[in-house]
Amino acid sequence: MKLYWHFLFVLVVVFLQITVFSFITFRSIHFNFSLLPAIMFALYNKKDKAIFWAFSTGILLDIFSPLSFGIFTLAHLLTIILLSYFVSRFFTQLPTFLIGIFLYVSYLFFETFISILSQSWSYLSFINPIFAALMGLAFFLLTKRLFAENEYL
Amino acid sequence: MRWQHFVIIIVILASGFIADRFGFLDPIKNAVYSSTKTTLVGFNKTTKNFVDFFKTFSSINSLTKENNRLKEENLTLGANNAQLLELQRQNEILKNELGFIQNNKDKKLIAAQIIAKPPAGYLHYITLDKGKKDGVEEGDLVIYANYLVGKIDKVLDNFSEVLLITNSNCLIPVVLQDSRATGILHGALSGMVVEEIPLDAKVVSGENVLTRALEPNITEGILVGKVTGLVSKQSEIFQKTAIESPVDFNKLEFVFIIKAQ
C-alpha cells in the first residue's frame with residue numbers, strides 16, 4: 001500500500017479518536033483506538049510500518065492537544081519500539097493467547113507514560129488498558145488475515 | 001528503520017517542543033484546526049445523533065418517570081424562585097438605603113462548540129471553536145447549564161483550549177454557600193476536591209460550591225457543584241472536601257465562555 005494511503009488512514013484514525021471515541025465512553029473509560037494499528041503492525045513484525053503509524057498518529061495528536069508538543073509522539077514511539085523489540089527478539093510467530101497480554105502491557109506502558117509526562121493521574125490509567133486490550137483482541141481476531149497475510153499492507 | 005530516521009524523528013520532536021514553548025506552533029495549530037473544523041464537527045454531530053438514537057429506546061421508561069419527577073420539582077422551584085426574587089428585591093432596597101456601591105459587572109456569554117477532546121479521558125481538556133478573534137482570553141471561565149466546566153488555558157486566533165475543573169492543574173478559588181468556608185478547587189484522582197478550607201469552618205454535606213472573584217477573569221457566584229463529604233484526616237491543618245458536579249464532562253457538546261465586562 002502506498003504511503004499516502006497509510007497517511008490518509010492515519011488521519012481518519014486520529015479524527016475518530018478525538019471525536020467519536022472520545023464521545024463513546026463507559027463509566028469514563030475511553031478506548032485508545034489511535035495506538036491500535038501501530039500495535040497490530042508491531043505484533044506482526046512489520047516494524048517500519050508500526051513506527052510510521054506511531055510517529056504519524058503521535059504528531060497529529062500532539063497538534064490537537066494543549067499538552068507540550070511531543071508527549072504523544074514520544075509515548076507512541078517508545079511503546080511501539082519496545083513492543084517491536086520484544087516480539088522480534090523472542091517470538092518468530094506470536095501465539096494468540098499472548099496477544100491479549102502484549103496489548104495490555106503496551107497500553108499500560110503508554111497510559112503510564114502519558115500520565116507521568118502530563119502530570120494527570122487517575123485510576124483510569126490502569127482500567128483503560130484492560131478495556132483497550134479486550135477491544136484490541138477482538139480487533140486482532142477480526143483482522144488477523146489482513147495484517148498477517150497481506151503483503152500490500 | 002535506519003539510525004538516520006531516528007535522528008530525524010528526534011530532531012523533529014525537539015524542534016517541535018521548543019517551538020511549542022515559545023508559541024511558534026500556534027499559527028500551525030490554528031491552521032490545522034481551521035482546516036479540519038468542519039470534519040471534526042461533522043464527526044461529533046453524527047456520533048451524538050447515533051448515540052442518542054439508541055439511548056432513546058433504552059431509556060423510554062426511565063425518561064417518563066424522570067419527567068414526572070421533574071414536573072413536581074419544577075413546581076416547587078417555581079415557588080422558591082418567587083420567594084428568592086422577593087428577597088433579592090428587599091436586599092437591593094436595603095443596600096441602596098445603606099449606601100452600598102454595587103460592583104456588579106455585566107456578563108457577556110460567548111457560545112462555543114467543542115471540536116476535539118483528548119484521546120484519554122483522564123487528561124481533562126477540550127478544544128473550542130472560539131479564540132482571540134472572538135474576544136476569548138486566557139483565564140476566562142467556561143460554563144454549561146450555569147455550572148462551571150473549566151477555565152481557558154490557551155487561546156489561538158480562532159480556537160481555544162479549556163482545562164476542565166476535573167483537571168488537577170485547574171485551580172479555582174471557591175466558597176461553600178452555607179458554611180461560607182473558602183478554599184481552592186481542583187481535580188483529583190477520584191473526582192474534584194476543595195482544599196485549604198480552614199479547620200474552624202463547619203462544612204455541611206450537600207451544600208453548594210460557588211466561585212469567588214479572586215482572580216481578574218473569574219466571575220463570582222458561578223455554581224460548581226455540591227459537597228459530598230470531608231476527605232481530609234483529623235491530623236491535617238486544613239480541611240479537604242470532595243465535590244460532585246451534575247455535568248457529564250464526557251457528553252459535553254457546546255459550552256459558554258463568560259466575559260466579564
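Values below: all heavy atoms of this structure, side chains included; hydrogens, waters and symmetry mates excluded. A note on names: the letters A, B, ... follow the listed sequences, proteins ahead of strands, and every chain is numbered from 1. Quick caveat, the model's predicted, so the values are computed rather than measured.
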Considering only heavy atoms, which portion of A:Phe72 lies under 4.5 Å from any heavy atom of chain B: side chain, backbone, both, or neither?
-> side chain
Which distance, rounded to the nearest 0.5 Å, do you find between the CD1 of B:Ile126 and the CD1 of A:Ile18?
-> 13.0 Å
Side chain to side chain, B:Thr36 and A:Phe64, heavy atoms closer than 4.5 Å = yes
Which residue out of B:His124, B:Glu253, B:Lys29 racks up the most heavy-atom pairs below 4.5 Å with chain A?
-> B:Lys29
Look at atom CZ of A:Arg89 and say whether more than 12 heavy atoms of other residues, nucleotides or ligands are closer to it than 6.0 Å.
-> no
Proximity breakdown for A:Phe55 and chain B, heavy-atom pairs closer than 4.5 Å = side chain
Let me know if B:Asp248 has heavy atoms under 4.5 Å from chain A in its side chain, its backbone, both or neither.
-> neither
Does A:Ile63 reach the side chain of B:Tyr33, with side-chain heavy atoms less than 4.5 Å apart?
-> no
Please state whether the side chain, the backbone, both or neither of B:Lys154 comes within less than 4.5 Å of a heavy atom of chain A.
-> neither
Measure distances from A:Leu11 to the heavy atoms of chain B and classify the residue's part below 4.5 Å as side chain, backbone, both or neither.
-> neither
Can you say whether B:Leu40 sits under 4.5 Å from chain A via the side chain, the backbone, both, or neither, judging by heavy atoms?
-> both
Within 6.0 angstrom of B:Lys65 NZ, more than 12 heavy atoms from elsewhere = no
Heavy-atom distances under 4.5 Å only: say whether A:Ile59 touches chain B with side chain, backbone, both or neither.
-> side chain
Identify which part of A:Leu16 has an atom lying under 4.5 Å from any heavy atom of chain B, answering side chain, backbone, both or neither.
-> side chain
Just wondering, are more than 12 heavy atoms of other shown residues or ligands nearer than 6.0 Å to OH in B:Tyr144?
-> no
Hey, what do you get for NZ (B:Lys117) to OG (A:Ser65), rounding to the nearest 0.5 Å?
-> 15.5 Å
First locate atom CG of A:Asp62, then atom CG of B:Asp20, and finally report the distance between them rounded to the nearest 0.5 Å.
-> 8.5 Å
Residue part contacting chain B, namely of A:Ile81, when any heavy atom lies under 4.5 Å = side chain
Does CZ in A:Phe86 sit with more than 12 non-hydrogen atoms of other residues, nucleotides or ligands closer than 6.0 Å?
-> no
Residues A:Ser68 and B:Arg21: closest non-hydrogen pair is OG-NH2, 3.0 Å
Between CG of B:Asp153 and CG of A:Leu67, what distance do you get to the nearest 0.5 Å?
-> 9.5 Å
What pair of heavy atoms forms the shortest contact from A:Pro66 to B:Glu161, and how long is it?
-> CB-OE1, 3.1 Å
Could you look at B:Tyr125 and say if it's the side chain, the backbone, both or neither that has a heavy atom under 4.5 Å from chain A?
-> side chain
Got more than 12 heavy atoms from elsewhere within 6.0 Å of CD, B:Glu195?
-> yes
Determine, stepwise, if the pair B:Phe6 / A:Ile51 fulfils side-chain contact (heavy atoms from CB on, under 4.5 Å).
-> CA-CA 10 Å; B:Phe6 282 111; A:Ile51 290 177; 4.1 Å; yes
Measuring heavy-atom distances to chain A, does B:Ile115 have an atom under 4.5 Å in its side chain, in its backbone, in both, or in neither?
-> backbone
Check B:Asn44, B:Thr47, B:Thr46 against A:Val20 for a side chain to side chain contact (heavy atoms under 4.5 Å, CB included) and give me the one that passes.
-> B:Thr47
Hey, does B:Ile18 have a side-chain heavy atom less than 4.5 Å from the side chain of A:Phe69?
-> no
